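One structure below.
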Amino acid sequence: MKFNPMAAAATAAMLSGVALADEADASVDIELPKFTPTSVKADFLEQFTDDWESRWKVSSAKKDTAGDEEEWAYVGEWAVEEPVKYKGIDGDKGLVVKNPAAHHAISAKFPKAIDNKDKTLVVQYEVKLQNGLECGGAYMKLLRDNKALHQEEFANTTPYVIMFGPDKCGHTNKVHFIFNHKNPKTGEYEEKHLKSPPTAKIVKSTELYTLIVNPDNTYAIRQNGKEVKTGSLLEDFQPAVNPPEEIDDPNDTKPEDWVDQARIPDPEATKPEDWDEEAPFEIPDEAAEQPADWLVDEPRVVPDPDAVKPADWDDDEDGDWIPPTVPNPKCAEASGCGPWERPMMKNPAYKGKWTAPYVDNPAYKGVWAPRKIKNPDYFNDKTPANFEPMGAIGFEIWTMQSDILFDNIYIGHSIEEAEKFADETFHVKHPVEKSLLDAEKPKKEDKPKSPLDLNFLDDPVLYVQEKFDLFMTIAQKDPIEAVKFVPEVAAGLGAVVVTLLGLVAVIVSALTASPAAQQTAAKAKEQVKDVKNKTAEATATGAEKVKGEVNKRTTRSQS
């Protein structure tokens, strides 16, 4: 049996009583920081303290399904509670989605409407996907301020100004940034979607999402404090904020005599006289010869010699039984069986059907396009960042996962204050949560070391024991491989054997001087010499092998 070093190392590890742990101990003792309400000020700031119900109201509206017969009510329940997984701050509560596969809607009115005209808008909040997110939204909506804004009727049809946050279902995974823009000519609103939104990070620890919109129409999206997307409201959204100045004239039509074919078959070209359209594509290869071992008289298939006529076969009713056929085994040993035919080859005279070559069309006028006219719907909004006043915040989502937690919401105009708020909350809890997550991962140091990785100076006794056990394990199956793979043990044992045989030879020669005794002593010396040479050779071979393996590992570790 060929020696397998990996199997041998695993066997040695088991013999030495080392067992691989299936999973590291997930328990970890961490003293959590205590929750303290922030002193940061903003137009709206929410940490879901005990008075949260005075601001937030659950919707009892029906979900508008745009003509579908069934109306879905917002039956999803909400709660304010501490995280059930990876808690980072003791006493820190958040707004939690309690039901999977349900529609949820809840909102809170701002103390006063937020007017973003000529100001920087900062929207920031935490999302904690405690059960992950396979399909559902975890985004927020900033609702348009108007008299019809009633929290108990908050639904998917409630007008909003901005929608921002993660959304995932199947292959779709994005951080939404959508804003509603008012057409200054018609007064109608149209959703503007970010063309290439960043990807949401689907993890069970807290994630911080920040949206910054500047008065110069630039924006930035941050995840955990790091920018992942920047750009312009005027360039990065679809449909575009401003329509084109010119459009195609809908009344313009292509003239009947317009020629838009750039190239045409050459009208002056003629088929050559020697062009044979009937010549076949392939012809038999006349130069081919039948192989000498081709079995012309052997059939390609023969009756299966192992086939047995079924016991219930009735010749009168079923007819004569014919055994199934199998490939003729004689054909597998030769070039082929049956009638030999010349192989086909490409016909050098083949030209196919003749067609005239193409030339530039002298009547070509170019690609036709309707003429341009001024766009009657054109306008130029130079300040789309001046959003409509916002009167409330709402979460209106459907999700397949429960226990999505929202916390530490900041809506205001100061990037510095939002960052300070994040320093007091997210950047305190996130390292703790990460430590709790890391504690659940199997630890590398829990894995047993192979005897090949042991160092003599680390533990001489263990080193010798492990090496000897490995040698004996391999030697039970293949002594030569044991000598080659663990040369240091082989060398030690060889020295012992040589010493013992040498002592025997000396004793024998000393006790007797008879010819027979002298002959026995000489034979013993030869055996000692032979064992010594073989041991030295095996030791050298094994040492070179081990040296080569060490060089391989060293080279790989440096790459």
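Everything numeric here is computed off the predicted structure, so don't read it as measured data.
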Residue pair [X] / [Y], side-chain heavy-atom distance below 4.5 Å:
X: N386; Y: K117; result: yes
X: F387; Y: N180; result: no
X: D92; Y: K34; result: no

Examine distances only and state if a side-chain atom of [X] and a backbone atom of [Y] form a donor-acceptor pair shorter than 3.5 Å.
X: E82; Y: K93; answer: no
X: N361; Y: I264; answer: no
X: N173; Y: K168; answer: no
X: T425; Y: F421; answer: yes

Between [Y] and [X], does any NZ, NE, NH1 or NH2 come within less than 4.0 Å of an OD or OE carboxylate oxygen?
X: E81; Y: K98; value: yes
X: K174; Y: D167; value: no
X: D248; Y: K372; value: yes
X: K195; Y: D236; value: no
X: K353; Y: E278; value: no

Using the six-membered ring wherever Trp is involved, compare the ring planes of F281 and Y350 and label them parallel, tilted or perpendicular (cut-offs 30° and 60°).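 Taking Y350 first and then F281, their aromatic rings stand perpendicular (interplane angle over 60°).
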
**OP:** Anything under 30° is parallel, anything over 60° is perpendicular, the rest tilted; go ahead and classify H104 against W78.
**Re:**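 Rings of H104 and W78: perpendicular, as their planes differ by over 60°.
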
Is the F237 to F177 ring centre distance short of 6.0 Å?
->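 Yes - the distance between ring centres of F237 and F177 falls below the 6.0 Å cut-off.
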
Q. Hey, do the aromatic rings of F164 and Y139 have their centres closer than 6.0 Å?
A.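 Aromatic pair excluded; centres sit 6.0 Å or further apart.
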
Which atom of [X] lies closest to which atom of [Y], heavy atoms considered:
X: I397; Y: G137; answer: CD1-O, 3.4 Å
X: F48; Y: D407; answer: CD1-OD1, 3.8 Å
X: N116; Y: A385; answer: ND2-O, 3.0 Å
X: Q401; Y: N131; answer: CG-O, 3.7 Å
X: S205; Y: L437; answer: CB-CD1, 3.7 Å
X: I373; Y: P250; answer: CD1-CD, 4.0 Å

Taking atom NZ as the centre, does K87 end up with more than 12 heavy-atom neighbours from other residues, nucleotides or ligands that are less than 6.0 angstrom away?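 Count over threshold, so yes.
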
Do you see a donor-acceptor pair shorter than 3.5 Å between the side chains of [X] and [Y]?
X: N380; Y: N242; answer: yes
X: E440; Y: Y86; answer: yes
X: Q47; Y: W52; answer: no
X: T38; Y: E424; answer: yes

- prompt: Taking the six-membered ring of Y189, is NZ or CZ of R144 closer than 6.0 Å to its centre and within 45° of its axis?
  reply: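 Because its charged atom sits under 6.0 Å from the ring centre and within 45° of the axis, R144 does stack over Y189.
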
Steps toward salt bridge (charged side-chain N to carboxylate O under 4.0 Å, His left out) verdict (D51, R55): CA-CA 8 Å; D51 60 343; R55 298 178 294 277; 3.2 Å; yes

request  = Evaluate salt bridge (charged side-chain N to carboxylate O under 4.0 Å, His left out) for K141 paired with E396, printing each intermediate quantity in order.
outcome  = CA-CA 8 Å; K141 290 181 178 180; E396 187 271 316; 3.1 Å; yes

Next on the checklist: Can you list everything that forms a side chain to side chain contact (heavy atoms under 4.5 Å, CB included) with V127? Sequence neighbours excluded, please.
Outcome noted: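 In terms of side chain to side chain contact (heavy atoms under 4.5 Å, CB included), with neighbours along the sequence ignored, V127 is linked to Y125, L129, A138, P166, Y209, I404, F406.
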
message: Restricting to side chain to side chain contact (heavy atoms under 4.5 Å, CB included), what partner residues turn up for D285, sequence neighbours left out?
response: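 Listed in chain order: A287, A288, P343, M345.
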
As an exercise, state the distance from [atom1] of [X] to [atom2] of [Y], rounded to the nearest 0.5 Å.
X: E153; Y: K57; atom1: CD; atom2: NZ; answer: 11.5 Å
X: K119; Y: N214; atom1: NZ; atom2: CG; answer: 14.5 Å
X: H103; Y: S59; atom1: NE2; atom2: OG; answer: 12.5 Å
X: L32; Y: K429; atom1: CG; atom2: NZ; answer: 11.5 Å

**Request:** Run the numbers on K182 and E190 for salt bridge (charged side-chain N to carboxylate O under 4.0 Å, His left out), then give the verdict.
**Result:** CA-CA 7 Å; K182 184 178 181 179; E190 185 177 43; over 6 Å; no

### Query
Can you list every disulfide bond (SG atoms under 2.5 Å apart) pair that touches residues 99-173, not counting sequence neighbours?
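Disulfide bond (SG atoms under 2.5 Å apart) check on residues 99-173 returns C135-C169.
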
For N347 and E282, what are the C-alpha separation, side-chain angles and deciding distance, and is it a side chain to side chain donor-acceptor pair (under 3.5 Å)?
CA-CA 5 Å; N347 184 3; E282 289 184 323; over 6 Å; no

Assess whether salt bridge (charged side-chain N to carboxylate O under 4.0 Å, His left out) is satisfied between D260 and K254, documenting all intermediate values.
CA-CA 10 Å; D260 52 11; K254 183 170 70 172; 3.1 Å; yes

